[in-house]
Amino acid sequence: MRALVHADRMLRSLAAEMNLPWPEKAVLEPPKDPAHGDLAANLALVAAKDAGCKPRELAERLAGRIRAAHAGPDADIASVEVAGPGFLNLRFSPLFHQRAVLEIEAKGARYGSSGVGNGKKTQVEYVSANPTGPLHVGHGRGAAVGDSLARILRFAGYDVRTEYYINDAGRQMNLLGLSVLLRAKEAAGLPVELPEDFYRGAYISDIARNLLAERPDLHALPEAEALDLCREYGMANILQGIKDDLAAFRVEHEVWFSERTLVRGGAVERAFGRLKANGFSYEKDGALWFATTGLGDDKDRVLRKSDGSLTYFASDIAYHNDKYERGFNYVIDIWGADHHGYVPRMRAAVGALGREREDFEVLLIQLVNLMSGGVPVGMSTRAGTFETLADVVAEVGVDAARFMFLSRKCDSHLDFDLELVRQRSMDNPVYYVQYAHARVHALLRRAAQEGVNLPDAVDAGALAPLDGPEDLALLRLADRFEDVAVSAAQKLAPHHISAYLTELAGLLHGWYAKYPVLKAGDAANVTARLALLRAVGRVLANGLELLGVNAPESM
RNA sequence: GCGCCCGUAGCUCAGUAGGAUAGAGCGAUCGCCUCCUAAGCGGUAGGCCGCAGGUUCGAUUCCUGCCGGGCGCACCA
């Protein structure tokens with residue numbers, strides 16, 4: 001970040017000084033091959049055309065000016081080279097890189113944070129599974145992504161609220177009530193006929209038995225009342241289970257939003273009014289329709305059916321309208337990928353409510369293939385197979401599960417192999433990263449034991465010994481953490497963080513194998529290397545925090 | 001039939017608002033502990049970035065068409 005800002009400012013001012021146009025198309029980025037330097041400025045051909053010269057020539061002229069302006073032992077820029085069709089390769093001095101340690105020490109837990117979100121009021125709604133059964137692995141992936149994303153966005157300066165939408169008003173709830181009642185009858189020895197579509201998980205029978213224990217009078221109640229009781233009891237029970245599972249998974253929702261309160265609060269009518277005012281709704285065949293076709297959807301959708309009841313879509317529109325009425329400017333929904341057909345419709349609705357395209361984002365979470373030793377684990381609920389989130393977490397632990405979920409693009413399929421994730425090896429990057437952090441702290445501990453004193457803040461001069469290629473590579477990568485955090489926030493991509501951490505941990509392990517720290521020989525080396533270690537450890541910890549994964553100090 | 005996502009090393013996957021010689025881990029293979037945690041490190045082998053066109057100075061990246069895999073297309077939730 002420092003390097004990029006520094007170089008950008010310098011190049012722009014130089015270009016202005018030389019009366020050259022600085023094209024927006026010019027790319028300033030770390031080259032893929034570090035041998036090319038720390039930063040590459042790619043002057044596109046257009047730039048040269050505007051300037052009336054060849055790109056290489058333009059680059060040479062800039063390089064000359066930079067060399068002239070940045071000479072001497074204290075210079076930030078160590079070298080400038082022109083390569084390829086117009087690449088300006090900048091290499092910063094060791095001194096410049098070493099200062100990254102000072103910034104890390106100064107910012108501590110805030111290192112890598114930024115204000116790019118500008119306090120934007122943002123809502124992340126995730127998991128939102130129907131309270132009809134326990135969370136499964138797929139929900140776990142959505143939970144990890146949503147929670148991590150909230151952390152990442154906050155870190156980047158967004159004002160984030162997290163929310164869980166409880167679908168407690170629909171037909172599914174009645175079905176749940178019926179399922180519980182049937183099982184309760186069964187448990188009481190009454191004759192029952194089990195319909196096709198009811199919830200048949202073992203957890204329903206457990207709930208039914210518990211309810212019966214609390215309310216022995218259940219079967220004496222009028223049918224409707226008994227159904228109500230079963231529904232409410234079942235839902236409360238399952239919802240509590242979901243909350244427990246999420247808490248155990250280190251996932252927190254600040255708001256639990258009930259669909260019922262939405263209907264009762266008149267949100268549906270308000271949303272309908274808004275659509276009508278904007279000219280998007282009409283009556284046909286006794287139903288209320290929403291003209292989504294002109295908004296990117298492939299057909300118009302029904303809001304209120306001819307029998308007077310609302311469609312699911314209608315309450316979803318009302319819900320989203322309510323989100324914007326609550327003051328959120330940026331609404332992020334995290335859905336299972338099987339709902340992808342629903343996205344254009346929702347997007348159309350948000351547009352019809354008068355919101356901009358960028359006010360709404362949907363993140364689709366692809367399915368998780370649960371495997372064990374390369375063999376797919378079936379969807380059955382038989383004992384011994386792990387399909388619920390709670391089972392998987394019990395099996396592999398929170399850290400390993402979260403890191404695994406967050407190490408892939410969320411819209412690609414994920415093979416989650418229990419055997420692999422349970423392994424404490426490099427098959428399983430979470431330990432690799434955690435081990436790097438633990439290593440740092442093991443050394444810091446040992447240093448303290450041996451009476452080596454590392455001040456809380458070192459001065460720049462003490463870092464001078466850090467000039468080997470591995471030192472500089474570590475410093476460079478640590479310095480990029482803010483870039484990575486910002487990009488993860490803007491692209492809604494938590495996996496950038498896990499990839500970055502794996503890379504940083506790799507550099508640290510390599511560095512560790514090559515450089516002795518406490519046995520470095522002279523005191524200056526010991527201090528400099530300890531300071532570097534502590535700084536890298538800080539970056540690892542900050543990154544892991546964004547993933548919601550622990551950073552252990554010993555392993 | 002229409003639409004969305006995915007095809008990158010033997011395997012699992014990164015990368016791409018167009019840029020230099022396409023990366024990582026695993027697996028394979030050869031090395032490294034009298035020495036701060038070997039849960040580690042270093043080396044080697046491994047690629048028509050699904051195929052074919054197009055745009056461009058330049059395409060794994062953007063566009064079109066195919067092929068292959070997954071998913072969705074209700075006055076269901």
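Every chain is numbered from 1 and lettered A, B, ... according to where its sequence line falls, protein lines coming before strand lines. Scope of the values below: all heavy atoms of this structure, side chains included, with no hydrogens, waters or symmetry mates. Because the structure is a prediction, the values reported are computed rather than measured.
- Side-chain contact between A:C230 and A:L178 is absent, with no heavy-atom pair separated by less than 4.5 Å.
- Comparing the C1' positions of B:G53 and B:G70 gives an interatomic distance of 26 Å, to the nearest angstrom.
- Taking atom C1' on both nucleotides, B:G54 is separated from B:C71 by 30 Å, rounded to a whole Å.
- Contact annotation: A:Y342 does not reach the phosphate of B:G3 (side-chain N/O to OP1 or OP2, under 4.0 Å).
- Inter-residue side-chain proximity for A:P134 and A:I238 is flagged as unmet; no heavy-atom pair is nearer than 4.5 Å.
- For the 3.5 Å distance criterion, the side chains of A:T132 and A:N130 fail to qualify, holding no donor opposite an acceptor.
- The distance between atom CD of A:E283 and atom C1' of B:C75, rounded to the nearest whole Å, is 13 Å.
- Checking B:C75, B:A39, B:A77 against every side-chain atom of A:Y312, the shortest atom distance belongs to B:A77.
- For A:R301, no side-chain nitrogen or oxygen approaches OP1 or OP2 of B:A74 to under 4.0 Å.
- For B:G15, one of the phosphate oxygens OP1 or OP2 lies less than 4.0 angstrom from a side-chain nitrogen or oxygen of A:H495.
- Within the nucleic acid shown, A:S306 comes within 4.0 Å of at least one base atom, counting heavy atoms only.
- Straight-line distance from the OH atom of A:Y500 to the C1' atom of B:G15: 17 Å, rounded to whole Å.
- As a whole-Å value, the separation of A:K409 NZ from B:C13 C1' is 9 Å.
- The aromatic rings of A:F280 and A:F290 sit perpendicular, their planes meeting at an angle over 60°, well past the 30° parallel limit.
- For B:A74, one of the phosphate oxygens OP1 or OP2 lies less than 4.0 angstrom from a side-chain nitrogen or oxygen of A:K299.
- Rounded to whole Å, atom P of B:C36 lies 10 Å from atom CG of A:L443.
- In this model, the phosphate group of B:G40 is not approached by any side-chain N or O of A:K514 to a distance below 4.0 Å at OP1 or OP2.
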